[in-house]
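The analysis underlying the following values was restricted to heavy atoms, covering all of them including side chains, and did not include hydrogens, waters or symmetry mates. By convention here, the first residue in the shown sequence is residue 1.
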Amino acid sequence: MDELIKEVNKFRDERNWRQYHNAKDLSLSLSLEASELLENFQWITAEEGIEKNRHNIEEELADVFIYGMMLADDMDIDMEKAILRKLEKNKEKYPK
């Protein structure tokens, strides 16, 4: 995960995009990319969406993860720990 965020940040920095990447704008971009992901399923079944748009789904999902990783990195959030904490919280909220 650390190497991946380094590659993402390197890509960003080589293009001088850091100036645009604050918590608000990264959150907004993450939401926009998630909406683009949803477009792959609009007006069709999940199965049709996957069959017709699998490559685009992969690209949009990657964008969602990229923005999420940049936001977590900028805010110094350890996503592994955050996910494990959230899973524990969800286990309490939604017991078997």
Whichever hydrophobic residues join Leu28 through chains of side-chain contacts under 4.5 Å: Leu32
Is there a chain of hydrophobic side chains (I, L, V, M, F, W, Y, each step under 4.5 Å between heavy atoms) that links Leu84 to Tyr94? no
Side-chain donor/acceptor pairs under 3.5 Å, residues 1-8, sequence neighbours excluded:
none

By side-chain contact (heavy atoms from CB on, under 4.5 Å) - contacts of Glu14 (at least two apart): Lys10
Contacts of Leu61 meeting side-chain contact (heavy atoms from CB on, under 4.5 Å) (sequence neighbours excluded), chain-then-number -> Leu37, Phe65
How about CD on Glu80, more than 12 heavy atoms from neighbouring residues, nucleotides or ligands closer than 6.0 Å, or not? no
Separation between NZ (Lys52) and CG (Asn40), nearest 0.5 Å, reads 11.5 Å
Set of residues satisfying side-chain contact (heavy atoms from CB on, under 4.5 Å) with respect to Ala62, sequence neighbours excluded: none
Under the side-chain hydrogen bond (donor to acceptor under 3.5 Å, both in side chains) test, which residues partner Arg18, sequence neighbours left out? Asp74
side-chain hydrogen bond (donor to acceptor under 3.5 Å, both in side chains) partners of Asp13, counting only residues at least two apart: none
Taking every heavy atom of Ile44 against every heavy atom of Glu48, the minimum-distance pair comes out as CB-OE1, 3.3 Å
Residues forming a side-chain hydrogen bond (donor to acceptor under 3.5 Å, both in side chains) with Arg54, sequence neighbours excluded: none
Quick test of your reading: applying side-chain hydrogen bond (donor to acceptor under 3.5 Å, both in side chains), list the pairs with at least one residue in residues 25-34, sequence neighbours left out, ordered by first then second residue. Asn22-Asp25
Specify the closest pair of heavy atoms between Leu71 and Ala23, including all atoms of both residues, with the distance to one decimal. CD1-CA, 3.7 Å
Rounded to the nearest 0.5 Å, the CG atom of Asn90 sits from the CD atom of Glu92 at a distance of 9.5 Å
Supply the atom-to-atom distance Glu39 CD to Ile57 CD1, rounded to the nearest 0.5 angstrom. 12.0 Å
Under the side-chain contact (heavy atoms from CB on, under 4.5 Å) test, which residues partner Ala34, sequence neighbours left out? Val64
Output all residues satisfying side-chain hydrogen bond (donor to acceptor under 3.5 Å, both in side chains) with Glu88, sequence neighbours left out; order by chain, then residue number. Lys91
Once ring-ring contact (aromatic ring centres under 6.0 Å, His included) is applied, what residue pairs with a partner in residues 17-59 remain, sequence neighbours excluded? Phe11-Trp17
